[in-house]
Amino acid sequence: MTNADLPQLAGYTLSRPIGRGNTSLVFLGSADAAPEREMAIKVPLGTTLANHTAAERFGNEVRLSLQFRHPHLVRGYAGTAFGPGAYLAMRYFAEGTLAELLEGRVLPYEAALRVLADVTAGVAYLHHQGAVHQDIKTQNVYLSGGRAALGDFGNTYFVSAGGNISGSPFYMAPEIYHGEASSIQSDVYSLGVLCFELLAGVRPHLGNSYEELMISHLTRFPAPVTASNRQVPRTLSRLIELAMAKKSHDRPSSAALRRALLEALGEEDEQVEIEPSDSPPAQRSIMGRHQHTDAVAMPRVPGGPSEESPKPQKPGAKSWNPFKRGK
Ligand SMILES: Nc1ncnc2c1ncn2[C@@H]1O[C@H](COP(=O)(O)OP(=O)(O)OP(=O)(O)O)[C@@H](O)[C@H]1O
């Protein structure tokens, strides 16, 4: 794509493509009003706008990216949810996705714990808000300076708005394979899979087809993470095992998983003030460890992902996943 082929978006200058998904193109660019701040600008494909469900999902991603405020969730700066001018300007992650980073390599133990603690903090925040992400996987984790943020809120919904059936087969909870709606507990299952994948260096369930993966998730019990990685504390290994429990009510909360990850990192569960957001005041709070079990304590993130990203070159199209169902 030459510069002349880059889409025109009023108020923004797009400099080059940085990624392509099933439903959108993503460009590096900046707002004309603040040219020094690089952004990732997502523009839906024509086919996405022409398809009601896909267009709704894009609109959902725009809306929620602008609404959620957490250091470990991809932050939206501006956007238009629907119509031919639809776009989402968001924080740019120079190091790309966790899936890209993991291609052909295993993360060192501490780095894996850090990424997992970050992602789990973002998910715990979502759960505290009553939202289910529905698509936690390495492709949706973005990296900057060794810190991580979860993105892609196209399938995210509030529990109060009713259930939904979706996910990616490598990470999908058994009950979803059975046709049940996703839930906070099915997000925890996906987190368990992610923890296992990063700490054991291999996915807990493998298969060459949707059916093989389904059988594995429904019937097989992976060996504890400690069998592959002796550095993992037993308590954390046990919690990851429970996160992947076949029955959803046996799973711990995302907040408990996060606490165990922080403990493995030798860190305290700090209090942090959640950034103001567009959400109702009741959802803004200072949260800490002395709360009821569903409450979430957010880490203050010294040296964590900053809003300004370094300059960088980043891989282009994402890798193809043969089992990815239209998300
Ligand atoms: N904020 C970002 N910072 C850096 N790169 C990004 C960012 N958002 C997306 N990308 C790049 O663009 C690629 C495509 O993005 P994404 O997967 O979100 O597309 P999509 O079409 O919305 O997704 P889907 O395929 O699930 O419909 C990503 O794999 C990543 O390489």
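Every number for a ligand or one of its atoms is a count from 1 in the order of the listing. Start at 1 with the first residue, then count along the sequence.
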(request) Compare all side-chain heavy atoms of Met244 with those of Phe221 and state whether any distance is below 4.5 angstrom. (result) no
(request) Grab the two heavy atoms, one from Met172 and one from Gly167, that are nearest each other, plus how far apart they are. (result) SD-C, 3.6 Å
(request) May I ask you to check if ligand 1 and Glu61 share an N or O to N or O distance below 3.5 Å? (result) no
(message) Heavy-atom pairs closer than 4.0 Å: do any link ligand 1 to the side chain of Ala40, the backbone, both, or neither?
(response) side chain
(request) With heavy atoms only and a cut-off of under 4.0 Å, state how Arg91 meets ligand 1: side chain, backbone, both or neither. (result) backbone
(message) Give the atom numbers and elements of ligand 1 that come within less than 4.0 Å of a heavy atom of Ile18.
(response) 4 (C), 5 (N)
(request) Without swapping roles, check the side chain of Asn155 against the backbone of Asp135 for a donor-acceptor pair under 3.5 Å. (result) no
(message) Show the atoms of ligand 1 that are less than 4.0 angstrom away from any heavy atom in Ser24.
(response) 20 (P), 21 (O), 22 (O)
(message) So, regarding Met90 and ligand 1 (criterion: nitrogen or oxygen to nitrogen or oxygen, under 3.5 Å), is there a contact or not?
(response) no
(message) Students often mix this up, so state it plainly: with edges at 30° and 60°, are the rings of Tyr125 and His70 parallel, tilted or perpendicular?
(response) tilted
(request) Please determine if Arg37 forms a cation-pi arrangement with Tyr77, meaning its NZ or CZ atom is less than 6.0 Å from the six-membered ring centre and no more than 45° off the ring axis. (result) yes
(message) At less than 4.0 angstrom from any non-hydrogen atom of Tyr92, what atoms of ligand 1 do you find?
(response) 3 (N), 4 (C)
(request) Start with the C-alpha gap between Tyr189 and His217, add the side-chain angles, then the distance that decides, and say whether side-chain hydrogen bond (donor to acceptor under 3.5 Å, both in side chains) holds. (result) CA-CA 10 Å; Tyr189 184 92; His217 281 281; 2.7 Å; yes
(request) Between Arg20 and ligand 1, find which residue part has any heavy-atom pair under 4.0 Å and reply side chain, backbone, both or neither. (result) backbone
(request) Classify the contact between Phe58 and ligand 1 as side chain, backbone, both or neither, using a heavy-atom distance cut-off of under 4.0 Å. (result) neither
(message) Using the rule given for side-chain hydrogen bond (donor to acceptor under 3.5 Å, both in side chains), can you reason through Asp32 versus Thr13, listing the C-alpha separation, both sets of side-chain angles and the distance that settles it, and then say yes or no?
(response) CA-CA 6 Å; Asp32 295 341; Thr13 301; 2.7 Å; yes
(message) For the 3.5 Å polar cut-off, considering only N or O atoms, please tell me whether Asp152 and ligand 1 meet it.
(response) yes
(message) Using heavy-atom distances only, which candidate in Asn22, Thr23, Leu45, Thr97 approaches atom 30 (C) of ligand 1 most closely?
(response) Thr97
(request) Go through the steps to decide whether Gln139 and Thr97 satisfy the test side-chain hydrogen bond (donor to acceptor under 3.5 Å, both in side chains), and finish with yes or no. (result) CA-CA 6 Å; Gln139 289 92 337; Thr97 68; over 6 Å; no
(request) Look at ligand 1 and say whether Gln139 reaches it with a heavy atom at a distance under 4.0 Å. (result) no
